[in-house]
Protein chains: 2
Amino acid sequence: METRTRGRTRLANDAWEAALGAHGVLMRRFTAEDVWHGLTMREYDVLYTLSKCDSPQRLGDLGGHVLLSQPGLSRLVDRLVERGLVSRCADPRDARAANLTLTDEGRALQRRIGRAHGASVAAALTSRLTDEELALLESLSLKLTIDPEELP
Amino acid sequence: METRTRGRTRLANDAWEAALGAHGVLMRRFTAEDVWHGLTMREYDVLYTLSKCDSPQRLGDLGGHVLLSQPGLSRLVDRLVERGLVSRCADPRDARAANLTLTDEGRALQRRIGRAHGASVAAALTSRLTDEELALLESLSLKLTIDPEELP
DNA sequence: GTTAGTTACATGCGTACGCATATAATCGGC
DNA sequence: GCCGATTATATGCGTACGCATGTAACTAAC
(Lines give C-alpha, C1' and ligand atoms only; values in the text may rest on other atoms or scores of the structure.)
Protein backbone atom coordinates (compact mmCIF):
# COMPACT_ATOMS: atom_id res chain seq x y z
CA MET A 1 0.00 0.00 0.00
CA GLU A 2 2.77 2.36 0.98
CA THR A 3 4.89 1.38 -1.97
CA ARG A 4 1.91 1.64 -4.34
CA THR A 5 1.23 5.17 -3.13
CA ARG A 6 4.87 6.18 -3.39
CA GLY A 7 5.06 4.77 -6.86
CA ARG A 8 2.03 6.77 -7.92
CA THR A 9 3.51 9.96 -6.46
CA ARG A 10 6.72 9.30 -8.34
CA LEU A 11 4.82 8.64 -11.53
CA ALA A 12 2.97 11.96 -11.23
CA ASN A 13 6.15 13.89 -10.50
CA ASP A 14 8.00 12.32 -13.41
CA ALA A 15 5.11 13.15 -15.71
CA TRP A 16 5.01 16.76 -14.49
CA GLU A 17 8.76 17.16 -14.89
CA ALA A 18 8.59 15.83 -18.43
CA ALA A 19 5.66 18.11 -19.22
CA LEU A 20 7.56 21.12 -17.87
CA GLY A 21 10.53 20.16 -20.02
CA ALA A 22 8.40 19.93 -23.14
CA HIS A 23 6.73 23.23 -22.32
CA GLY A 24 10.10 24.90 -21.87
CA VAL A 25 11.61 23.54 -25.07
CA LEU A 26 8.60 24.48 -27.16
CA MET A 27 8.18 27.90 -25.56
CA ARG A 28 11.82 28.72 -26.29
CA ARG A 29 11.33 27.60 -29.85
CA PHE A 30 8.13 29.54 -30.44
CA THR A 31 9.44 32.66 -28.72
CA ALA A 32 12.49 32.61 -30.96
CA GLU A 33 10.32 32.50 -34.11
CA ASP A 34 10.19 35.83 -35.91
CA VAL A 35 6.41 36.07 -36.14
CA TRP A 36 5.47 38.30 -33.23
CA HIS A 37 5.60 41.76 -34.82
CA GLY A 38 6.96 43.32 -31.66
CA LEU A 39 4.45 41.69 -29.32
CA THR A 40 5.12 39.48 -26.34
CA MET A 41 3.61 36.03 -26.45
CA ARG A 42 1.47 37.10 -23.50
CA GLU A 43 0.29 40.15 -25.40
CA TYR A 44 -0.57 37.96 -28.36
CA ASP A 45 -2.37 35.62 -26.01
CA VAL A 46 -4.66 38.46 -24.94
CA LEU A 47 -5.33 39.39 -28.57
CA TYR A 48 -6.06 35.74 -29.32
CA THR A 49 -8.39 35.39 -26.34
CA LEU A 50 -10.25 38.54 -27.38
CA SER A 51 -10.49 37.28 -30.95
CA LYS A 52 -12.35 34.20 -29.76
CA CYS A 53 -15.00 36.17 -27.86
CA ASP A 54 -17.32 38.25 -30.02
CA SER A 55 -18.82 39.98 -26.99
CA PRO A 56 -16.57 42.55 -25.29
CA GLN A 57 -14.59 41.14 -22.40
CA ARG A 58 -13.72 42.66 -19.07
CA LEU A 59 -10.29 42.54 -17.48
CA GLY A 60 -11.34 39.95 -14.96
CA ASP A 61 -12.58 37.63 -17.70
CA LEU A 62 -9.20 37.74 -19.42
CA GLY A 63 -7.46 37.16 -16.10
CA GLY A 64 -8.81 33.64 -16.00
CA HIS A 65 -7.12 32.76 -19.27
CA VAL A 66 -3.79 34.57 -19.00
CA LEU A 67 -1.13 33.57 -16.46
CA LEU A 68 -0.62 37.09 -15.16
CA SER A 69 -1.57 39.13 -12.10
CA GLN A 70 -4.47 41.57 -12.31
CA PRO A 71 -2.22 44.66 -12.26
CA GLY A 72 0.06 43.04 -14.83
CA LEU A 73 -2.88 42.37 -17.10
CA SER A 74 -4.14 45.91 -16.59
CA ARG A 75 -0.86 47.38 -17.80
CA LEU A 76 -0.51 44.86 -20.59
CA VAL A 77 -3.88 46.02 -21.90
CA ASP A 78 -2.67 49.62 -21.49
CA ARG A 79 0.12 48.85 -23.92
CA LEU A 80 -2.22 47.17 -26.39
CA VAL A 81 -4.56 50.19 -26.25
CA GLU A 82 -1.63 52.54 -26.83
CA ARG A 83 -0.63 50.51 -29.87
CA GLY A 84 -4.16 50.82 -31.19
CA LEU A 85 -4.83 47.08 -31.09
CA VAL A 86 -7.48 47.10 -28.35
CA SER A 87 -10.08 49.65 -27.34
CA ARG A 88 -11.62 50.21 -23.94
CA CYS A 89 -15.34 50.99 -24.17
CA ALA A 90 -17.27 52.14 -21.14
CA ASP A 91 -19.93 49.71 -19.96
CA PRO A 92 -23.33 51.45 -19.53
CA ARG A 93 -24.40 48.79 -17.01
CA ASP A 94 -21.30 49.09 -14.82
CA ALA A 95 -19.21 52.23 -14.85
CA ARG A 96 -16.31 50.45 -13.16
CA ALA A 97 -15.84 47.95 -15.94
CA ALA A 98 -13.87 48.73 -19.08
CA ASN A 99 -15.11 46.47 -21.84
CA LEU A 100 -12.32 45.41 -24.13
CA THR A 101 -12.61 44.84 -27.87
CA LEU A 102 -10.12 44.25 -30.62
CA THR A 103 -9.76 47.14 -33.04
CA ASP A 104 -9.73 46.28 -36.73
CA GLU A 105 -5.97 46.67 -36.67
CA GLY A 106 -5.77 44.43 -33.62
CA ARG A 107 -7.89 41.77 -35.26
CA ALA A 108 -5.82 41.91 -38.44
CA LEU A 109 -2.57 41.63 -36.51
CA GLN A 110 -3.91 38.75 -34.43
CA ARG A 111 -4.78 36.90 -37.62
CA ARG A 112 -1.38 37.49 -39.18
CA ILE A 113 0.48 36.35 -36.10
CA GLY A 114 -1.97 33.53 -35.51
CA ARG A 115 -1.44 32.06 -38.96
CA ALA A 116 2.35 32.12 -38.68
CA HIS A 117 2.45 30.93 -35.10
CA GLY A 118 -0.14 28.25 -35.79
CA ALA A 119 2.04 26.94 -38.57
CA SER A 120 5.03 26.81 -36.23
CA VAL A 121 3.03 24.98 -33.60
CA ALA A 122 1.79 22.48 -36.14
CA ALA A 123 5.27 21.93 -37.53
CA ALA A 124 6.74 21.35 -34.09
CA LEU A 125 4.03 19.00 -32.86
CA THR A 126 3.15 17.02 -35.97
CA SER A 127 6.81 16.20 -36.58
CA ARG A 128 6.94 14.37 -33.26
CA LEU A 129 3.44 13.08 -32.56
CA THR A 130 0.93 11.12 -34.57
CA ASP A 131 -2.68 12.21 -34.90
CA GLU A 132 -3.70 9.81 -32.17
CA GLU A 133 -1.00 11.12 -29.88
CA LEU A 134 -2.05 14.71 -30.54
CA ALA A 135 -5.63 13.88 -29.64
CA LEU A 136 -4.39 12.08 -26.55
CA LEU A 137 -2.30 15.06 -25.48
CA GLU A 138 -5.31 17.29 -25.86
CA SER A 139 -7.56 15.03 -23.84
CA LEU A 140 -5.01 14.60 -21.04
CA SER A 141 -4.46 18.36 -20.94
CA LEU A 142 -8.19 19.01 -20.74
CA LYS A 143 -8.52 16.56 -17.87
CA LEU A 144 -5.81 18.49 -16.04
CA THR A 145 -7.40 21.83 -16.79
CA ILE A 146 -10.97 21.31 -15.69
CA ASP A 147 -12.24 22.22 -12.24
CA PRO A 148 -10.45 25.11 -10.54
CA GLU A 149 -12.57 24.74 -7.39
CA GLU A 150 -11.57 22.83 -4.28
CA LEU A 151 -9.47 23.24 -1.10
CA PRO A 152 -12.01 24.76 1.33
CA MET B 1 -5.07 15.85 -49.09
CA GLU B 2 -5.50 19.54 -48.38
CA THR B 3 -8.23 18.89 -45.87
CA ARG B 4 -6.21 16.13 -44.24
CA THR B 5 -3.30 18.52 -43.79
CA ARG B 6 -5.50 21.28 -42.45
CA GLY B 7 -7.09 18.88 -40.04
CA ARG B 8 -3.74 17.81 -38.75
CA THR B 9 -2.66 21.42 -38.25
CA ARG B 10 -5.86 22.09 -36.36
CA LEU B 11 -5.35 19.00 -34.25
CA ALA B 12 -1.85 20.11 -33.30
CA ASN B 13 -2.98 23.63 -32.44
CA ASP B 14 -5.87 22.41 -30.32
CA ALA B 15 -3.54 20.08 -28.47
CA TRP B 16 -1.05 22.88 -27.85
CA GLU B 17 -3.73 25.25 -26.64
CA ALA B 18 -5.05 22.63 -24.24
CA ALA B 19 -1.53 21.91 -23.02
CA LEU B 20 -0.92 25.61 -22.42
CA GLY B 21 -4.16 25.81 -20.49
CA ALA B 22 -3.22 22.89 -18.28
CA HIS B 23 0.24 24.34 -17.73
CA GLY B 24 -1.24 27.69 -16.73
CA VAL B 25 -3.81 26.25 -14.34
CA LEU B 26 -1.29 24.01 -12.64
CA MET B 27 1.40 26.69 -12.46
CA ARG B 28 -1.02 29.09 -10.79
CA ARG B 29 -1.97 26.40 -8.34
CA PHE B 30 1.59 25.39 -7.50
CA THR B 31 2.80 28.98 -7.27
CA ALA B 32 0.01 29.76 -4.82
CA GLU B 33 1.05 26.90 -2.54
CA ASP B 34 2.86 28.08 0.56
CA VAL B 35 5.87 25.81 0.21
CA TRP B 36 8.50 28.01 -1.42
CA HIS B 37 10.23 29.55 1.62
CA GLY B 38 10.69 32.87 -0.16
CA LEU B 39 12.07 31.37 -3.37
CA THR B 40 10.72 31.78 -6.86
CA MET B 41 9.76 28.62 -8.68
CA ARG B 42 12.60 29.37 -11.09
CA GLU B 43 15.03 29.68 -8.22
CA TYR B 44 13.81 26.37 -6.85
CA ASP B 45 14.18 24.88 -10.29
CA VAL B 46 17.86 25.78 -10.27
CA LEU B 47 18.30 24.25 -6.82
CA TYR B 48 16.49 21.15 -8.02
CA THR B 49 18.61 20.89 -11.15
CA LEU B 50 21.77 21.26 -9.10
CA SER B 51 20.54 18.65 -6.64
CA LYS B 52 20.30 16.09 -9.44
CA CYS B 53 23.89 16.59 -10.61
CA ASP B 54 26.58 15.47 -8.17
CA SER B 55 29.33 17.06 -10.26
CA PRO B 56 29.48 20.89 -10.13
CA GLN B 57 27.58 22.55 -12.94
CA ARG B 58 28.44 25.62 -14.98
CA LEU B 59 26.02 28.39 -15.81
CA GLY B 60 25.66 27.27 -19.38
CA ASP B 61 24.72 23.76 -18.31
CA LEU B 62 21.88 25.10 -16.19
CA GLY B 63 20.78 27.35 -19.03
CA GLY B 64 19.66 24.34 -20.99
CA HIS B 65 17.22 23.31 -18.29
CA VAL B 66 15.84 26.65 -17.10
CA LEU B 67 13.65 28.85 -19.30
CA LEU B 68 15.68 31.98 -18.68
CA SER B 69 18.20 34.11 -20.53
CA GLN B 70 21.88 33.77 -19.71
CA PRO B 71 22.08 37.14 -17.92
CA GLY B 72 18.89 36.32 -16.05
CA LEU B 73 20.33 33.02 -14.90
CA SER B 74 23.58 34.71 -13.90
CA ARG B 75 21.76 37.10 -11.61
CA LEU B 76 19.41 34.43 -10.31
CA VAL B 77 22.49 32.47 -9.22
CA ASP B 78 23.84 35.69 -7.67
CA ARG B 79 20.78 35.79 -5.44
CA LEU B 80 21.09 32.13 -4.50
CA VAL B 81 24.76 32.67 -3.63
CA GLU B 82 23.86 35.70 -1.50
CA ARG B 83 21.30 33.61 0.35
CA GLY B 84 23.97 31.02 1.03
CA LEU B 85 22.20 28.27 -0.94
CA VAL B 86 24.73 27.92 -3.78
CA SER B 87 28.49 28.42 -3.90
CA ARG B 88 30.61 29.43 -6.87
CA CYS B 89 33.90 27.53 -6.95
CA ALA B 90 36.63 28.48 -9.40
CA ASP B 91 37.36 25.84 -12.02
CA PRO B 92 41.10 25.06 -12.17
CA ARG B 93 40.72 23.84 -15.79
CA ASP B 94 38.93 26.97 -17.06
CA ALA B 95 39.27 30.25 -15.19
CA ARG B 96 36.23 31.69 -16.99
CA ALA B 97 33.84 29.12 -15.61
CA ALA B 98 32.31 29.37 -12.15
CA ASN B 99 31.36 25.89 -11.02
CA LEU B 100 28.15 25.87 -9.04
CA THR B 101 27.37 23.57 -6.13
CA LEU B 102 24.61 23.43 -3.58
CA THR B 103 25.68 24.37 -0.08
CA ASP B 104 24.49 22.11 2.73
CA GLU B 105 21.83 24.69 3.51
CA GLY B 106 20.85 24.82 -0.15
CA ARG B 107 20.55 21.06 -0.35
CA ALA B 108 18.49 20.94 2.82
CA LEU B 109 16.15 23.67 1.60
CA GLN B 110 15.77 21.98 -1.79
CA ARG B 111 14.76 18.77 -0.06
CA ARG B 112 12.23 20.50 2.16
CA ILE B 113 10.64 22.37 -0.72
CA GLY B 114 10.89 19.37 -3.00
CA ARG B 115 8.98 17.14 -0.61
CA ALA B 116 6.14 19.62 -0.15
CA HIS B 117 5.97 20.60 -3.80
CA GLY B 118 6.21 17.01 -4.94
CA ALA B 119 3.24 16.19 -2.75
CA SER B 120 1.26 19.06 -4.32
CA VAL B 121 2.14 17.89 -7.80
CA ALA B 122 1.13 14.35 -7.00
CA ALA B 123 -2.13 15.49 -5.44
CA ALA B 124 -3.01 17.64 -8.44
CA LEU B 125 -2.15 15.05 -11.08
CA THR B 126 -3.24 11.81 -9.48
CA SER B 127 -6.67 13.25 -8.69
CA ARG B 128 -7.30 13.73 -12.41
CA LEU B 129 -5.27 11.07 -14.23
CA THR B 130 -4.91 7.34 -13.86
CA ASP B 131 -1.51 5.68 -13.68
CA GLU B 132 -1.74 4.79 -17.36
CA GLU B 133 -2.59 8.38 -18.25
CA LEU B 134 0.30 9.69 -16.18
CA ALA B 135 2.71 7.39 -17.97
CA LEU B 136 1.19 8.46 -21.27
CA LEU B 137 1.59 12.14 -20.44
CA GLU B 138 5.21 11.52 -19.58
CA SER B 139 5.92 9.65 -22.79
CA LEU B 140 4.20 12.27 -24.96
CA SER B 141 6.10 15.03 -23.19
CA LEU B 142 9.39 13.25 -23.71
CA LYS B 143 8.66 12.85 -27.41
CA LEU B 144 8.08 16.59 -27.61
CA THR B 145 11.22 17.37 -25.65
CA ILE B 146 13.84 15.36 -27.47
CA ASP B 147 16.00 16.78 -30.23
CA PRO B 148 16.75 20.49 -29.91
CA GLU B 149 18.74 20.50 -33.17
CA GLU B 150 17.37 21.50 -36.55
CA LEU B 151 16.57 24.63 -38.63
CA PRO B 152 19.90 25.19 -40.45
C1' DG C 1 -30.60 58.16 1.78
C1' DT C 2 -26.57 57.07 4.35
C1' DT C 3 -23.00 54.03 5.14
C1' DA C 4 -20.38 49.54 5.55
C1' DG C 5 -18.77 46.16 2.57
C1' DT C 6 -17.56 44.42 -1.89
C1' DT C 7 -16.13 44.51 -6.71
C1' DA C 8 -13.40 46.26 -10.75
C1' DC C 9 -9.74 48.30 -12.10
C1' DA C 10 -5.51 51.44 -11.59
C1' DT C 11 -1.10 53.11 -9.49
C1' DG C 12 3.38 53.31 -6.47
C1' DC C 13 7.23 50.90 -5.66
C1' DG C 14 10.73 47.63 -5.56
C1' DT C 15 12.49 43.57 -8.09
C1' DA C 16 13.50 40.52 -11.96
C1' DC C 17 13.85 40.14 -16.58
C1' DG C 18 15.72 40.47 -21.71
C1' DC C 19 18.71 42.69 -24.98
C1' DA C 20 22.87 44.62 -26.05
C1' DT C 21 27.32 44.93 -24.75
C1' DA C 22 31.55 44.46 -21.88
C1' DT C 23 35.17 41.70 -19.78
C1' DA C 24 37.98 38.03 -19.36
C1' DA C 25 39.88 33.48 -20.59
C1' DT C 26 40.67 29.78 -23.94
C1' DC C 27 41.48 28.09 -28.60
C1' DG C 28 43.53 27.89 -33.42
C1' DG C 29 46.26 29.18 -37.14
C1' DC C 30 50.50 30.85 -38.30
C1' DG D 1 54.57 32.73 -28.67
C1' DC D 2 51.25 36.03 -30.82
C1' DC D 3 46.71 37.68 -32.41
C1' DG D 4 42.01 37.18 -34.12
C1' DA D 5 38.00 34.31 -33.09
C1' DT D 6 35.27 32.07 -29.85
C1' DT D 7 33.48 30.86 -25.31
C1' DA D 8 31.87 31.85 -20.46
C1' DT D 9 30.11 34.94 -17.55
C1' DA D 10 28.97 39.71 -15.95
C1' DT D 11 26.99 44.48 -16.25
C1' DG D 12 24.16 48.77 -18.05
C1' DC D 13 19.85 50.01 -19.13
C1' DG D 14 15.16 50.09 -20.14
C1' DT D 15 10.82 47.42 -19.53
C1' DA D 16 7.51 44.32 -17.39
C1' DC D 17 6.20 42.13 -13.49
C1' DG D 18 4.03 41.10 -8.55
C1' DC D 19 2.57 42.85 -4.16
C1' DA D 20 0.41 46.16 -1.59
C1' DT D 21 -2.56 49.71 -1.80
C1' DG D 22 -5.57 53.33 -3.82
C1' DT D 23 -9.82 54.92 -6.12
C1' DA D 24 -14.14 54.70 -7.90
C1' DA D 25 -18.57 52.37 -8.50
C1' DC D 26 -21.98 49.03 -7.22
C1' DT D 27 -24.75 46.54 -3.40
C1' DA D 28 -27.29 46.09 0.63
C1' DA D 29 -28.84 46.72 5.33
C1' DC D 30 -30.94 49.88 8.05
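Chain letters run A, B, ... following the sequence lines, proteins first, then strands; residues in each count from 1.
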Which nucleotide in C/dT11, D/dA25, C/dC17 has an atom nearest any side-chain atom of A/Ala95: D/dA25
Considering only D/dA16, D/dA25, D/dT11, which nucleotide approaches the side chain of A/Arg79 most closely? D/dA16
Partner of A/Leu85 under side-chain contact (heavy atoms from CB on, under 4.5 Å), chosen from A/Leu80, A/Val77, A/Leu102: A/Leu80
Value in whole Å for how far the [atom2] atom of [N] lies from [atom1] of [X]:
| X | N | atom1 | atom2 | answer |
| --- | --- | --- | --- | --- |
| A/Met41 | D/dC17 | CE | C1' | 17 Å |
| A/Trp36 | C/dG18 | CH2 | P | 16 Å |
| B/Leu68 | D/dA10 | CG | P | 13 Å |
| A/Asn99 | C/dA8 | CG | C1' | 12 Å |
| A/Leu76 | C/dC9 | CG | P | 15 Å |
| A/Arg28 | C/dC17 | CZ | P | 13 Å |
| B/Asp78 | D/dT9 | CG | P | 12 Å |
| B/Gln57 | D/dA8 | CD | P | 13 Å |

Short side-chain N/O contact from [X] to OP1 or OP2 of [N], under 4.0 Å:
| X | N | result |
| --- | --- | --- |
| A/Arg93 | C/dT7 | no |
| A/Arg42 | D/dT15 | no |
| B/Ser74 | D/dT9 | no |

Please step through side-chain contact (heavy atoms from CB on, under 4.5 Å) for the pair A/Arg58 and A/Asn99, ending with a clear verdict. CA-CA 5 Å; A/Arg58 307 163 56 135; A/Asn99 285 335; 3.4 Å; yes
hbond_proxy B/Gln70 side chain to D/dA10 base (donor-acceptor, 3.5 Å cutoff): yes
Base C/dT7 paired with A/Arg96 side chain (donor-acceptor, <3.5 Å): yes
For a quick check of understanding: with a heavy-atom distance under 4.0 Å over all strands, which category does B/Arg75 fall into, base, sugar-phosphate or nothing? base
Residue mapping more 5' on DNA chain C - nearest nucleotide basis, A/Gly72 or A/Asp94: A/Asp94
Minimum heavy-atom distance between B/Leu137 and A/Ala15, given as atom pair plus value: CD2-CB, 4.2 Å
Evaluate side chain to side chain donor-acceptor pair (under 3.5 Å) for B/Gln110 paired with B/Tyr44, printing each intermediate quantity in order. CA-CA 7 Å; B/Gln110 186 279 317; B/Tyr44 170 72; 3.2 Å; yes
Considering only NZ, NE, NH1 and NH2 on the basic side and carboxylate oxygens on the acidic side, decide whether B/Asp91 and B/Arg93 come within less than 4.0 Å. no
